[in-house]
Amino acid sequence: MIRKLAFALVLTTAFAAGSASAAEIRRAPSSGAIAITPSVAVPAGTELVFLSGALPTIADKAKPGTTEEQTRSVLSKLEAALKAEGLGHGDVVKATVFLVGDPAKGGEIDFAGLNKAWAEAFGTTAQPNKPARSTVKVAGLVLPGALVEIEFVAAKTR
């Protein structure tokens with residue numbers, strides 16, 4: 001009897017531990033028009049993948065492109081890095097965006113351009129997940145002409 005009880009206890013504990021690690025990533029509902037969420041809760045046992053900041057590809061240094069165009073370039077690069085880890089945009093839980101003031105906009109950041117390209121990757125019908133996000137205006141980036149750099153933290157329950 002004691003042996004059966006001990007086995008049942010071990011089995012129950014193992015099952016409980018397994019179900020805890022299978023908990024879902026929770027994203028708070030967002031009410032704004034921007035495709036971000038105010039918070040994301042990641043359960044214990046979730047694998048986190050940190051992607052370093054990515055910069056846009058700038059083919060013509062004389063015409064480096066708009067913030068919107070550069071954001072698409074960066075998101076494409078990050079999507080490839082996520083894919084290499086077996087992840088996608090839907091697995092991103094946190095993003096940090098660094099924006100340089102656009103000379104064509106009097107040195108102001110093009111927040112609307114960022115958000116237009118952002119909304120093509122997050123909060124769509126095909127990919128409804130939205131990450132938490134911070135956006136910071138910076139004086140410059142390491143790549144001449146770059147207006148945007150983005151880094152991600154992605155999470156996947158295994």
Side-chain angles (χ1 to χ4, degrees), residues 19-158:
S19 63
S21 66
E24 294 294 319
I25 294 169
R26 291 186 336 269
R27 298 166 194 268
S30 59
S31 58
I34 301 172
I36 61 174
T37 185
S39 67
V40 178
V42 179
T46 302
E47 179 181 356
L48 297 177
V49 179
F50 296 81
L51 278 67
S52 294
L55 293 159
T57 299
I58 298 177
D60 184 351
K61 304 257 188 260
K63 297 179 185 175
T66 65
T67 298
E68 183 180 335
E69 293 164 340
Q70 288 190 16
T71 299
R72 281 192 192 96
S73 172
V74 173
L75 290 174
S76 177
K77 284 183 177 183
L78 288 169
E79 183 177 32
L82 287 165
K83 187 175 181 181
E85 294 289 337
L87 302 166
H89 280 135
D91 299 306
V92 176
V93 294
K94 175 69 171 98
T96 305
V97 179
F98 303 95
L99 288 180
V100 174
D102 187 342
K105 296 191 174 293
E108 293 300 316
I109 61 171
D110 183 5
F111 201 61
L114 163 71
N115 288 329
K116 185 173 181 185
W118 190 266
E120 295 168 6
F122 298 101
T124 66
T125 303
Q127 195 299 97
N129 291 342
K130 301 173 187 176
R133 184 183 84 187
S134 299
T135 304
V136 181
K137 181 179 180 180
V138 296
L141 296 166
V142 298
L143 178 64
L147 300 172
V148 61
E149 179 174 348
I150 303 171
E151 62 185 29
F152 282 163
V153 177
K156 189 77 169 191
T157 53
R158 301 283 179 193

**Message:** Whether Glu68 and Arg72 form a salt bridge (side-chain N of Lys/Arg under 4.0 Å from carboxylate O of Asp/Glu) is what I want to check.
**Reply:** yes
Do any N or O atoms from the side chain of [X] and from the backbone of [Y] form a donor-acceptor pair under 3.5 angstrom?
{"X": "Ser30", "Y": "Ile36", "result": "yes"}
{"X": "Thr67", "Y": "Leu147", "result": "no"}
{"X": "Asn115", "Y": "Ala112", "result": "no"}
{"X": "Gln127", "Y": "Ala121", "result": "yes"}

**Message:** Can you pull out every salt bridge (Lys or Arg N to Asp or Glu O under 4.0 Å) where at least one residue sits in residues 39-60? Sequence neighbours excluded, please.
**Reply:** Glu47-Arg158
Hey, are the side chains of [X] and [Y] touching, using non-hydrogen atoms and a 4.5 Å cut-off?
{"X": "Val93", "Y": "Arg27", "value": "yes"}
{"X": "Pro43", "Y": "Thr157", "value": "yes"}
{"X": "Gln70", "Y": "Ile58", "value": "yes"}
{"X": "Leu48", "Y": "Val42", "value": "yes"}
{"X": "Ile150", "Y": "Trp118", "value": "yes"}

**Request:** Please report the C-alpha distance between His89 and Phe152 in whole Å, then the side-chain angles of each, then the deciding distance to 0.1 Å, and finally whether the side-chain contact (heavy atoms from CB on, under 4.5 Å) criterion is met.
**Result:** CA-CA 9 Å; His89 280 135; Phe152 282 163; 3.9 Å; yes
**Asked** When you look at NZ of Lys137, are more than 12 heavy atoms from neighbouring residues, nucleotides or ligands closer to it than 6.0 Å?
**Response** yes
